[in-house]
Amino acid sequence: MVYDKAALLNHINRIRNEIGHEKVNIDIKDILYERDSNEMWIITNDRPDKSAIIGKGGWVVGRLREELEIESIHVESYSDFLQKKYRMELSLNKLNSFVNDNFDAGDNGSDKNKLDYGSFIALNNLIDILKIKLDNLYSFNFYNYFKELDESPYSYYEAERPVAVVALSGGTDSSFSLILAKKLGFNPVAITVDPGTIVLPNQFRHNIDKLVGDLDVPHEYIQVDYTELIEESFTGRFHPCGRCSKVIEETVCSYAIQNDIPIVIFGDMLATGSQCITEQFCNFDENDENELNDVDKEIDKTKIIRLNLPASLSVSKLENKSLTSHYNLSKFKGFGCPLLYEVHKKFPHMKKYSIQRILRETRSGVLEPGEALDLIWSFYRTD
């Protein structure tokens, strides 16, 4: 089915008039329709055009969807896609140069740290899907892509042994990362840092156990003592998320090194472009605990590759949810863990720093402003 721009604009303006919205000039750059899923993508030139089609409270696009009998209508601005395209091109350049610099196909005896063949193949699979997403900028769908790939004889080759450890919290971002790591052939192992239910509630455990079972991925809970971190959080002197993230990263990197797995994957959505894949230098201390250390320190170091998988593909929260929804995981409202909400209650000024974290994702395009507003409002609905 082909939709004419002029006819669609007349339809939209009629709906706006009937519900009392003011008359505006709207520019539509492109219209895409997927017959199999009965979905439409309306690409506008800029965000004001997008807002006009959506309408106050989503009334306009809601009426449009009902009247056209379309399952789902996605309204996106071309200006936002330009930013995503630029970031994905940066990711593509970085991944290509990283693979070329670290894989010696001839095995000529050089002493540089080369990727093993499994890592090389998995990273090239990531490069492949990144190119495909760039070529289908408006309408790429991860679930449909992998479904078609699984039904064809050309699915991605999987590494013979695990080449990546995925930090799995049970939330949307880390779940998305594990699904992609499995589909792209990293043959991943999933690791969950378990400080107790104040940080890892049982509903997150349910998601973790279900997902690793569905994907047939080895998984391990690693018990970590958060007593000091929790006690210090209730002094009101620091925000718990930063220190918690540091502990998780150190624990996952330590596991990877101890098990000779070259890549660690995190669901970080912000390290886009040239920062999507980096090398971390680690060393084991006297207690056989791994700590990240400054590169310039005079110590024995072990190198680990850190890959921010969703960030490398400039994935939005909507794309995250679109893929993970097919695995029937529990959905959680709000932002953060029970510890964070208890800290908010006792020290309301700490909400400022949580809001800053949400705004960072909004500025990067990961979160839509409406999604960010809902997350921020969730801090106050618990008062």
Side-chain angles (χ1 to χ4, degrees), residues 1-85 133 136-145 147 172 314-326 328-335 358 361-378 380-381:
M1 187 184 301
V2 177
Y3 285 89
D4 178 75
K5 291 182 186 179
L8 189 63
L9 280 172
N10 286 335
H11 199 143
I12 291 168
N13 283 322
R14 176 181 61 76
I15 293 173
R16 287 183 59 86
N17 180 62
E18 288 177 356
I19 63 179
H21 285 12
E22 68 277 9
K23 182 177 178 57
V24 293
N25 292 321
I26 303 170
D27 289 325
I28 293 179
K29 182 176 178 61
D30 206 353
I31 304 167
L32 300 173
Y33 176 72
E34 175 61 48
R35 183 181 299 275
D36 291 341
S37 60
N38 192 22
E39 290 182 280
M40 174 185 282
W41 285 261
I42 302 174
I43 312 302
T44 66
N45 282 333
D46 205 355
R47 293 188 71 92
D49 301 300
K50 172 181 175 178
S51 298
I53 294 175
I54 293 173
K56 297 175 183 177
W59 290 355
V60 177
V61 74
R63 277 274 301 274
L64 183 67
R65 182 185 63 79
E66 290 174 0
E67 293 180 11
L68 295 179
E69 298 182 343
I70 290 177
E71 181 68 25
S72 181
I73 297 179
H74 311 278
V75 187
E76 305 287 353
S77 69
Y78 183 62
S79 57
D80 290 340
F81 278 112
L82 287 175
Q83 184 184 61
K84 278 194 168 189
K85 180 181 179 183
K133 191 180 180 191
N136 299 273
L137 196 59
Y138 303 151
S139 58
F140 182 84
N141 182 286
F142 284 98
Y143 177 76
N144 291 340
Y145 176 75
K147 185 174 184 292
T172 305
S314 290
V315 172
S316 67
K317 291 288 187 184
L318 179 61
E319 288 177 293
N320 257 339
K321 294 173 184 176
S322 177
L323 177 61
T324 56
S325 65
H326 293 279
N328 297 316
L329 304 178
S330 299
K331 298 178 182 179
F332 310 115
K333 294 183 178 180
F335 175 86
I358 293 171
E361 291 197 359
T362 309
R363 288 194 299 271
S364 73
V366 171
L367 281 172
E368 283 288 321
E371 293 176 308
L373 181 60
D374 287 341
L375 289 176
I376 292 169
W377 182 235
S378 72
Y380 297 93
R381 287 200 299 264

Please enumerate all residues that pass side-chain hydrogen bond (donor to acceptor under 3.5 Å, both in side chains) together with [X], with sequence neighbours excluded.
| X | value |
| --- | --- |
| Ser77 | Ser79, Asp80 |
| Asn136 | none |
| Ser325 | none |

Is there side-chain contact between [X] and [Y], with heavy atoms separated by less than 4.5 Å?
| X | Y | value |
| --- | --- | --- |
| Ile358 | Thr362 | yes |
| His11 | Leu68 | yes |
| Arg16 | Glu22 | yes |
| Ser51 | Lys56 | no |
| Ile70 | Glu39 | no |
| Lys317 | Glu361 | yes |

Rounded to the nearest 0.5 Å, how far does [atom2] of [Y] lie from [atom1] of [X]?
| X | Y | atom1 | atom2 | result |
| --- | --- | --- | --- | --- |
| Asp30 | Ile43 | CG | CD1 | 6.5 Å |
| Asn25 | Lys23 | CG | NZ | 6.5 Å |
| Leu373 | Trp377 | CG | CH2 | 9.0 Å |
| Arg65 | Ser72 | CZ | OG | 7.5 Å |

Partners of [X] by salt bridge (charged side-chain N to carboxylate O under 4.0 Å, His left out), sequence neighbours excluded?
| X | value |
| --- | --- |
| Glu67 | Arg14, Arg63 |
| Lys133 | Glu319 |
| Lys5 | none |

Practice task
Check ring pair (Phe, Tyr, Trp, His ring centres under 6.0 Å) between His326 and all other residues, then give those that pass, not counting sequence neighbours.
Solution key: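 Partners of His326 under the ring pair (Phe, Tyr, Trp, His ring centres under 6.0 Å) test: Tyr143.
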Problem - Contacts of type ring pair (Phe, Tyr, Trp, His ring centres under 6.0 Å), residue Tyr78, not counting sequence neighbours - result: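 Not a single residue meets the ring pair (Phe, Tyr, Trp, His ring centres under 6.0 Å) criterion with Tyr78.
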Handout entry: Residue pairs involving residues 39-76 (criterion ring-ring contact (aromatic ring centres under 6.0 Å, His included); sequence neighbours excluded)
Key =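 Applying ring-ring contact (aromatic ring centres under 6.0 Å, His included) to every pair that reaches into residues 39-76, excluding sequence neighbours, yields Trp41-His74.
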Under 3.5 Å donor-acceptor, [X] side chain and [Y] backbone:
| X | Y | answer |
| --- | --- | --- |
| Asn38 | Glu69 | yes |
| Asp4 | Ala6 | yes |
| Thr324 | Asn320 | yes |

For [X], which residues count as a side-chain contact (heavy atoms from CB on, under 4.5 Å) partner, sequence neighbours excluded?
| X | value |
| --- | --- |
| Leu137 | Phe81, Lys85, Met88 |
| Asn17 | none |
| Ile53 | Ile12, Ile26, Ile28, Ile42, Thr44, Val75 |

Problem - Criterion side-chain contact (heavy atoms from CB on, under 4.5 Å) on Ile54 and Val60, from CA distance to verdict - result: CA-CA 5 Å; Ile54 293 173; Val60 177; over 6 Å; no
Problem - Stepwise side-chain contact (heavy atoms from CB on, under 4.5 Å) check, Phe335 with Ile376 - result: CA-CA 8 Å; Phe335 175 86; Ile376 292 169; over 6 Å; no
Problem - Intermediate values then yes/no, side-chain contact (heavy atoms from CB on, under 4.5 Å), Lys84 and Ser316 - result: CA-CA 10 Å; Lys84 278 194 168 189; Ser316 67; 3.6 Å; yes
